[in-house]
Student: 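Let me begin by handing over the structure; questions about it come next.
Both backbone and side-chain heavy atoms feed into the values below; hydrogens, waters and symmetry mates do not.
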Amino acid sequence: MEQPLASGSDSDSDSRSAPETLSEVVRVHLRKLCLHEFPCGIGSWNRSHFLPQTWRTWRELTPREEETVSPGEETVEALLGLVRSPHSPWALVEDSSAEDHFLRELAIQNPLMLKDTFLYSYFRSLRMVDKQVSLVDKDLLKFINLEELILSANKIKEVNAANLPPTLKVLELYGNEIRSMECLCAHPPPGLQHLGLGHNKLLGPLESLYVTNNYWPNLVSLDLGFNDLTDLQGMMVSLSTLRHLRLLVLQGNPLALVPYYRGFTIDSLTRLCVLDDITVSPNEKHQFRGFSLSGDFLAQEAQFVVSIGNVKGVVDTSIWDPEPGPEGPFITYNYYVTYDFVEEDMREAQCSIPALKKENPTALISVSIDTQGTSERVSCLPWQIVRPSSAELVGDELQGGSEVQLLEELQEANESQESGATEMGESELSFISGRSALPVPLSSINSAEELAKLRPRMDPRLFPSPGTVLFSTNHKPWADVISYNYEMQHTFKDLVPLKAFLLSGTTVTIVEEKIVSWAVVPLPVEIPLGPCTWRGQMPGMEQKTPKKKKEIPKELRQEPSVLRVLGSNLVALEPLLAGESQVSTVCNYGVIRTLESDKMTLTRDLKKTKKGAKKEKSKPQMPSFDSDYQPEPLTVEVQIQLNQYRTAEEALLIEA
């Protein structure tokens with residue numbers, strides 16, 4: 001026996017903690033409206049007004065104001081006040097629909113009308129958002145006047161179009177788990193005007209076959225945003241058949257990351273008025289006129305430019321180091337910034353700097369640009385691709401000769417470091433500055449087990465996440481403001497992993513590199529020379545011993561560099577998917593300087609400038625530190641820009 005739509009007890013709804021079918025969700029929703037409980041429905045509070053009298057019409061069953069109210073009963077106005085007042089315990093929640101409010105008042109004024117036949121014919125809009133719906137069942141066809149169906153944020157994987165009422169004009173299925181539109185095209189509602197399928201899992205070039213005029217002849221608005229659609233040209237061919245299409249949303253898809261996306265779409269769909277919630281202007285149509293005819297010559301790839309500017313707030317660690325002796329140690333510090341980006345074809349990567357655009361070689365494993373007459377050096381060393389076979393050294397995935405091969409790579413990398421080579425192996429432990437990041441020399445590692453023991457001692461922020469590549473700026477010594485002027489262009493052809501990476505964001509890290517060097521050959525002991533005889537014989541001349549300046553040995557032996565992370569932050573890149581052309585931010589890692597370190601740094605700098613001040617006959621002024629002095633926080637300027645063409649001429653010139 002079929003359960004009535006608006007009846008049932010609360011215990012029935014409690015037995016189903018997570019309703020799945022749409023009809024069951026509607027029943028639970030109506031039961032929560034309490035249409036048959038006080039102050040709605042028929043009860044001791046209004047029973048005398050609705051006594052069944054078969055000889056009277058249904059219009060005469062409604063209560064009349066002139067009739068006297070029996071003792072213990074409430075008037076209709078009083079009951080309506082209980083459901084309308086926002087302070088009443090019987091009031092509906094704020095986000096309740098207009099239909100819910102109407103049904104509550106109808107249940108007071110004329111509860112005898114609340115039959116299934118009335119409810120099925122009354123609803124023109126059903127909004128069931130985040131109700132755990134997984135199945136649109138055939139009972140939906142009973143809503144004979146339904147025009148709007150909103151089933152967003154549920155768990156629907158596919159929809160049987162035969163269960164959709166033919167009267168539908170609006171269908172929204174945002175935030176579900178739909179993988180293909182094929183299920184909707186079996187029996188699509190012929191009068192549908194808006195279809196919302198954003199934030200689903202639509203994937204593959206075949207999806208463009210299901211957005212043609214054969215299935216949606218009256219479609220005016222289509223939202224396919226934030227799926228995994230990649231075939232822009234195929235999608236435009238199908239969408240151009242929709243004669244009534246005026247509003248389109250495709251942002252958030254991988255296909256929207258190509259630089260010619262907006263111009264190509266506007267010229268392909270000449271009737272389009274709004275694209276990605278932005279009005280299509282006449283100027284845009286003019287700028288890209290005829291551009292869609294060049295679709296076969298356009299590369300399906302996305303282009304990004306990552307720029308890193310100034311770093312401020314770095315503490316000068318060298319102020320705590322002792323003066324080196326004749327044999328050392330000679331300690332130097334370098335600072336650089338790293339960021340991870342999704343794995344790409346290394347042959348497509350290009351590294352550039354604005355002042356050196358003429359010398360812009362193609363980056364393979366590493367990119368290095370040396371300028372003539374300047375000290376600038378752009379180093380995109382290194383990038384590290386994390387592969388599952390070598391990333392998990394502790395697990396059981398190292399089988400056969402993989403351990404031996406890994407140790408051989410480490411040994412080769414160690415030998416190349418000792419010989420001064422800058423090649424980098426593909427090992428996980430050969431990264432960043434071309435030097436070993438291990439706390440012990442590579443030559444002392446005899447097995448993969450020892451290598452696994454060392455791994456927990458490494459800062460994981462120095463490694464890229466799986467499936468990404470680690471990039472770094474050039475290494476520079478300490479300065480109050482370290483200016484990098486780093487610029488890197490990334491080109492991607494595989495757009496689906498790129499979208500997943502943009503959703504997760506990139507990690508920007510500031511690293512300090514400490515290099516300790518020792519003299520290879522000890523310096524000879526200085527023996528003071530004997531007094532000069534002719535100086536002693538001349539009157540007024542004193543005997544002096546010559547002084548020698550301290551010299552740094554020419555041949556130095558460097559220890560493995562010691563890396564220390566000064567700060568690491570996640571930069572959100574999702575705005576690039578949502579239509580923004582760039583993400584520009586200043587990463588703030590907090591204050592790592594102290595009042596003591598700033599005083600020591602200034603004191604050292606004043607000593608260095610003391611001689612110059614004497615020559616100019618001026619005294620260097622010591623800056624004063626107030627009691628409320630606050631050191632500058634550690635920051636870095638980061639900008640990630642998505643390349644977009646502004647005109648058809650620009651697109652054709654670059655693509656050529």
Side-chain angles (χ1 to χ4, degrees), residues 152-153 174-175 196-203 222-230 232 235 247-266 274-281 284 300-310 337-344 464-465 467-471 486-510 567-589 635-646 650-651:
S152 301
Y174 294 101
L197 289 170
H199 294 272
N200 276 278
K201 300 180 180 180
L202 302 179
L203 174 64
L222 177 61
D223 189 345
L224 299 176
F226 288 90
N227 283 281
D228 292 325
L229 304 175
T230 57
L232 177 61
M235 185 64 67
L247 293 88
L248 177 64
V249 176
L250 289 176
Q251 68 181 10
N253 284 284
L255 58 81
L257 296 174
V258 296
Y260 52 85
Y261 155 70
R262 185 169 179 86
F264 188 81
T265 304
I266 290 174
V274 179
L275 176 60
D276 296 336
D277 299 325
I278 300 176
T279 302
V280 178
S281 65
E284 282 184 303
Q300 189 172 341
E301 59 187 23
Q303 301 171 2
F304 293 83
V305 176
V306 179
S307 303
I308 297 178
N310 297 333
V337 181
T338 68
Y339 65 95
D340 57 346
F341 226 80
V342 67
E343 181 178 349
E344 61 178 311
S465 56
T468 63
V469 177
L470 194 67
F471 294 85
Y486 172 90
E487 185 175 292
M488 180 76 174
Q489 178 173 311
H490 302 269
T491 303
F492 305 95
K493 293 184 177 179
D494 196 356
L495 301 180
V496 175
L498 174 61
K499 176 200 168 184
F501 170 75
L502 295 178
L503 289 173
S504 61
T506 182
T507 302
V508 179
T509 305
I510 301 178
S568 183
N569 264 357
L570 181 68
V571 177
L573 301 180
E574 189 173 356
L576 297 175
L577 280 173
E580 298 292 335
S581 60
Q582 71 176 23
V583 171
S584 183
T585 183
V586 177
C587 297
N588 192 328
Y589 304 97
T635 60
V636 58
E637 302 170 353
V638 180
Q639 177 178 296
I640 297 95
Q641 182 175 359
L642 173 64
N643 286 348
Q644 295 176 344
Y645 299 147
R646 292 168 293 182
E650 178 186 0

Student: Please check this pair: side chain of Arg262 against backbone of Asp276, looking for a donor-acceptor N/O pair closer than 3.5 Å.
Tutor: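 Side chain of Arg262 to backbone of Asp276, a donor-acceptor pair under 3.5 Å: no, none is there.
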Student: To the nearest 0.5 angstrom, please state how far the OG1 atom of Thr230 sits from the NZ atom of Lys499.
Tutor: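 One finds 11.0 Å between OG1 of Thr230 and NZ of Lys499.
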Student: For residues Tyr339 and Met488, determine if any side-chain heavy atom of one lies less than 4.5 Å from a side-chain heavy atom of the other.
Tutor: yes
Student: For the side chain of Asp340 and the backbone of Thr468, is there at least one donor-acceptor N/O pair under 3.5 Å apart?
Tutor: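 No, Asp340 side chain to Thr468 backbone: no donor-acceptor pair under 3.5 Å.
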Student: Does Asn588 have any side-chain hydrogen bond (donor to acceptor under 3.5 Å, both in side chains) partners at least two apart in sequence or in another chain, and if so, which?
Tutor: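 For Asn588, no residue satisfies side-chain hydrogen bond (donor to acceptor under 3.5 Å, both in side chains) once neighbours in sequence are set aside.
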Student: Rounded to the nearest 0.5 Å, how far apart are CD of Glu284 and CD1 of Ile278?
Tutor: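 Here the rounded value is 7.5 Å.
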Student: Could you check if a side-chain atom of Phe304 sits within less than 4.5 angstrom of a side-chain atom of Leu498, using non-hydrogen atoms only?
Tutor: yes
Student: Does Gln489 reach the side chain of Glu487, with side-chain heavy atoms less than 4.5 Å apart?
Tutor: no
Student: Measuring from atom CG of Leu250 to atom CZ of Phe226, what distance do you get when rounded to the nearest 0.5 angstrom?
Tutor: 11.5 Å
Student: Give, for atom CD of Gln303 and atom OH of Tyr645, the distance between the pair rounded to the nearest 0.5 Å.
Tutor: 4.5 Å
Student: I'd like to know if the side chain of Asn253 reaches the main chain of Leu232, judged simply by a donor and an acceptor atom lying under 3.5 Å from each other, with no hydrogens or angles considered.
Tutor: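 Flag not set: sc Asn253 to bb Leu232 has no pair under 3.5 Å.
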Student: Side chains of Phe501 and Thr506: does their closest heavy-atom pair fall under 4.5 Å?
Tutor: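 Sidechains of Thr506 and Phe501: in contact.
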Student: Can you find a pair of side-chain heavy atoms, one from Asp494 and one from Val342, that are under 4.5 Å apart?
Tutor: no
Student: Where do Tyr174 and His199 land on the ring-ring contact (aromatic ring centres under 6.0 Å, His included) test, with the steps shown first?
Tutor: CA-CA 6 Å; Tyr174 294 101; His199 294 272; 7.3 Å; no
Student: What is the distance from atom CG of Leu257 to atom CD of Gln644, rounded to the nearest 0.5 Å?
Tutor: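 Rounded to the nearest 0.5 Å, the CG-CD separation comes to 9.5 Å.
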Student: Quick one: list whatever passes side-chain hydrogen bond (donor to acceptor under 3.5 Å, both in side chains) with Asn569, sequence neighbours left out.
Tutor: none
Student: Side-chain contact, heavy-atom cut-off 4.5 Å: Val508 with Thr585?
Tutor: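 Side chain of Val508 against side chain of Thr585, heavy atoms only: no contact under 4.5 Å found.
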Student: Where does the angle between the aromatic ring planes of His490 and Phe341 fall among parallel (under 30°), tilted (30 to 60°) and perpendicular (over 60°)?
Tutor: parallel
Student: Assess whether side-chain contact (heavy atoms from CB on, under 4.5 Å) is satisfied between Ile510 and Tyr589, documenting all intermediate values.
Tutor: CA-CA 9 Å; Ile510 301 178; Tyr589 304 97; 3.4 Å; yes
Student: Would you please name every residue forming a salt bridge (Lys or Arg N to Asp or Glu O under 4.0 Å) with Glu650, sequence neighbours left out?
Tutor: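 Testing Glu650 for salt bridge (Lys or Arg N to Asp or Glu O under 4.0 Å), a comparison that skips the adjacent residues, returns Arg646.
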Student: To the closest 0.5 Å, what do you measure between CG (Asp277) and CD (Gln251)?
Tutor: 6.0 Å
Student: Looking at every non-hydrogen atom in both residues, tell me the closest pair between Val469 and Pro464 and how far apart they are.
Tutor: C-CB, 4.2 Å
Student: I'd like to know if the side chain of Asn643 reaches the main chain of Ala302, judged simply by a donor and an acceptor atom lying under 3.5 Å from each other, with no hydrogens or angles considered.
Tutor: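 The answer is no, because no donor-acceptor pair under 3.5 Å joins these two groups.
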